[in-house]
Asks: 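Okay, here's the structure, questions in a sec.
Sequential numbering from 1 along the given sequence is applied to the chain's residues. All ligand and atom numbering here is 1-based and tracks the order in the structure.
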Amino acid sequence: MSADTIRMQLSELDTLCRQVLSRHGFSLAHIDAITTTLMRGQVDDCASHGVYRLLGLIGTLQAGKASPDAEPVIKDQAPAVLRVDAGGAFAPLAFSRGLPRLIEKANHCGIAAMAINHCVHFSALWVEIEAITSAGLVGLACNPAHAWVAPAGGTVPLFGTNPFAFGWPRPGAHPYVFDFATSAIARGDIELHRRSGEPIPQGWAVDAAGNPTTDAIEALNGAMLTFGGHKGSALATMIELIAGPLIGDLTSAESMDWDQGAGGLPYHGELIIALDPERFLGSETAQYLQRAEKLFESIVNQGARLPSQRRFEARHRTAREGVDIPSQLLTDIRALLN
Ligand code: NDP
C-alpha cells in the first residue's frame with residue numbers, strides 16, 4: 001500500500017458505492033447491479049473499471065444522459081435472438097435481467113445472441129462473460145463507445161475503444177477469458193494517467209494536430225490509436241457494425257453526436273453471443289473440453305500466462321486483504337454524497 005492510497009475492506013467500499021448511488025436516486029435494482037459490477041472491477045484489480053467509474057456514472061446522470069431507474073424491457077426477437085431495451089439506463093441491470101433467457105436460448109438452439117439496446121455501458125466486459133461461462137457456455141461480447149479512436153492511417157476520432165471479450169468454461173477451474181479494448185489501451189487508463197500527472201507510453205494516441213503524444217491531456221483531446229494497426233482497426237469496424245447497425249443501435253460517432261458535448265459516458269448497444277458446447281458435441285462434450293485443457297496446459301507449460309490470470313490472483317488477494325484506493329479518488333467519491 002503506498003502513502004497516497006487507503007486500504008478498505010470490500011464490505012466498506014460496497015456500502016460506500018450503494019450510498020452514493022442511493023443519494024443520486026438510483027432504484028434498488030440498479031444500485032445492486034451497478035455496485036456488483038463496480039466491485040468486481042475493483043476486486044480484480046481493474047482500476048479503470050472499478051469504483052473510479054462512479055465519477056463518470058454520476059456525471060452522466062447529472063448531465064441528463066442516463067436514467068437512474070428505467071426497468072429493462074425484454075423482447076423475444078427470434079428463436080435464438082433476444083433484445084433487451086435498457087431504456088437509457090446503465091447496462092448491468094439489462095444484462096442480468098436478460099441473461100437467464102440468453103442461457104435458455106443457447107441451451108435450446110446451441111447458439112444465441114442477446115442485443116442490449118439504449119444503454120450506457122461503462123464496465124469491463126469480462127464481468128458479463130464470466131456470468132456466461134458460469135452457465136457452462138462459451139461467450140463473446142462487444143460494444144462501441146464514443147468516437148475517440150482514429151482508424152489506422154487516419155488521425156481523426158471515429159471508432160470507440162470498442163472492447164471485445166471471449167470466455168471458455170473450464171470445469172473445476174477459472175474460465176479462459178480475454179477482454180480487451182481494440183484501442184491501444186482503455187480510455188479510463190489514459191484518464192488515470194491524467195489524474196496522476198504521469199506521461200502515457202508512445203503509441204497510445206496522437207494530439208489534436210495528429211502528432212504522436214505522451215501527454216495524457218493532449219491524448220484525450222486528440223485521438224487514441226487502435227492496437228495492432230490495421231488489424232485492430234478492422235476489428236473496431238466489425239464491432240461498430242455488429243453491435244451498432246446490426247442491432248439497431250448507435251455507432252460510436254453517433255453516440256458522440258447524441259452526447260452533444262455533455263461529457264456523458266457512451267450511449268449505445270451491446271451484442272452478446274453464447275454457445276452451448278453440449279448442443280455442438282452431445283455425449284462427447286467432456287472429451288472435447290478435456291482437449292481444450294491440453295491447449296491451456298501447452299500455453300502455460302512454456303512459461304506464458306493465460307489472460308485473466310492476473311485478475312484471478314488479484315481476486316484471491318483482495319478477498320483476504322481488501323483493496324487500496326487512491327486517497328484523492330476516495331475524497332472525490334465521498335464528495336458525491338454531499
Ligand atoms: P489489457 O490490455 O489490460 O488486457 C487485455 C487482456 O489481455 C486481458 O484479458 C488481460 O488479462 C490479458 N493480458 C494482459 N497481459 C497479458 C499477458 N502478458 N499474457 C496473457 N494475457 C495477458 O486490457 P485493455 O486495456 O485493452 O482493456 C481493459 C478493460 O477495459 C477491458 O475489461 C474492457 O472490457 C474494458 N473496456 C470497456 C469499454 C466499455 O465500453 N464498456 C470500452 C473499452 C474498454 P489480465 O486482466 O489478467 O491482465
Asks: Among protein heavy atoms, which lies nearest atom 38 (C) of ligand 1, and at what distance?
Replies: Pro163 CG, 3.4 Å
Asks: Does any N/O atom on Leu125 come nearer than 3.5 Å to any N/O atom on ligand 1?
Replies: yes
Asks: Please name the pair of heavy atoms, one in Leu336 and one in Arg23, separated by the smallest distance, quoted to 0.1 Å.
Replies: O-CG, 3.6 Å
Asks: Quick test of your reading of the structure: of Pro307, Gly41, Ser308, whose heavy atom lies closest to atom 7 (O) of ligand 1?
Replies: Pro307
Asks: Enumerate the atoms of ligand 1 whose separation from the nearest heavy atom of Thr161 is less than 4.0 angstrom.
Replies: 42 (C), 43 (C)
Asks: Is Ala181 close to ligand 1, meaning an N/O of one under 3.5 Å from an N/O of the other?
Replies: yes
Asks: Only one of Trp258, Phe122, Phe90 passes ring pair (Phe, Tyr, Trp, His ring centres under 6.0 Å) with Tyr267; say which it is.
Replies: Trp258
Asks: Check each heavy atom of Trp126 against ligand 1 and say whether those closer than 4.0 Å belong to the side chain, the backbone, both or neither.
Replies: side chain
Asks: Which label fits Phe227 and Phe180: parallel for a plane angle under 30°, tilted from 30 to 60°, or perpendicular past 60°?
Replies: perpendicular
Asks: Considering only the protein, which heavy-atom contact is closest to atom 46 (O) of ligand 1, and what is its distance?
Replies: Arg310 NH2, 3.1 Å
Asks: Should you measure from each heavy atom of Ala124, which atoms of ligand 1 turn up under 4.0 Å away?
Replies: 32 (O), 34 (O)
Asks: Distance alone, cut at 3.5 Å: any donor-acceptor contact between the side chains of Asp4 and Gln328?
Replies: no
Asks: For atom 21 (N) of ligand 1, decide whether some protein heavy-atom distance is shorter than 4.0 Å.
Replies: yes
Asks: Does any donor atom in the side chain of Arg311 or Ser308 lie under 3.5 Å from an acceptor atom in the other side chain?
Replies: yes
Asks: Does ligand 1 have a heavy atom under 4.0 Å from the side chain of Ser123, from its backbone, from both, or from neither?
Replies: backbone
Asks: Which heavy atom of Glu240 sits nearest a heavy atom of Ser252, and at what distance?
Replies: OE2-OG, 2.6 Å
Asks: Of all the non-hydrogen atoms in the protein, which one sits nearest to atom 2 (O) of ligand 1, and at what distance?
Replies: Phe180 CB, 4.8 Å
Asks: We want to know whether Asn117 and Asp85 form a side-chain donor-acceptor pair, criterion being a heavy-atom distance below 3.5 angstrom.
Replies: no
Asks: Provide the number and element of each atom of ligand 1 under 4.0 Å from a heavy atom of His121.
Replies: 40 (O), 41 (N)
Asks: For atom 36 (N) of ligand 1, grab the closest protein heavy atom and report residue, atom and distance to one decimal in Å.
Replies: His49 NE2, 3.4 Å
Asks: Short N/O distance, under 3.5 Å, between Ser48 and ligand 1?
Replies: no
Asks: So is Ser183 polar-close to ligand 1, meaning N/O to N/O under 3.5 Å?
Replies: no
Asks: side-chain hydrogen bond (donor to acceptor under 3.5 Å, both in side chains) between His121 and Glu128: does it pass, once the steps are laid out?
Replies: CA-CA 12 Å; His121 199 290; Glu128 299 169 345; 3.1 Å; yes
Asks: Which of the numbered atoms in ligand 1 are under 4.0 angstrom from any heavy atom belonging to Phe178?
Replies: 9 (O)
Asks: Counting only heavy atoms, which portion of Asn143 has something under 4.0 Å from ligand 1: side chain, backbone, both, or neither?
Replies: side chain
Asks: Relative to the ring of Trp168, is the ring of Phe296 parallel (under 30°), tilted (30 to 60°) or perpendicular (over 60°)?
Replies: perpendicular
Asks: Side chains of Asp249 and His268: any donor to acceptor distance under 3.5 Å?
Replies: no
Asks: For the residue pair Phe164 and Phe178, does the interplanar ring angle fall in the parallel (under 30°), tilted (30 to 60°) or perpendicular (over 60°) class?
Replies: tilted
Asks: Closer than 4.0 angstrom, basic N to acidic O: yes or no for Arg315 and Glu130?
Replies: yes
Asks: Please tell me if atom 40 (O) of ligand 1 is touched by the protein, where touching means a protein heavy-atom distance below 4.0 Å.
Replies: yes
Asks: So Cys17 and Val51, do their side chains get closer than 4.5 Å, heavy atoms only?
Replies: yes
Asks: Out of all atoms in ligand 1, which are within 4.0 Å of some heavy atom of Gln309? Include the element for each.
Replies: 47 (O)
Asks: Write out the residue and atom name of the closest protein heavy atom to atom 28 (C) of ligand 1, then the distance separating them to 0.1 Å.
Replies: Ala186 CB, 4.1 Å
Asks: Could you check atom 19 (N) of ligand 1 against the protein and tell me its nearest heavy-atom contact, residue, atom and distance included?
Replies: Arg305 CG, 3.5 Å
Asks: For atom 34 (O) of ligand 1, which protein heavy atom lies nearest, and how many Å away is it?
Replies: Asp179 OD1, 2.7 Å
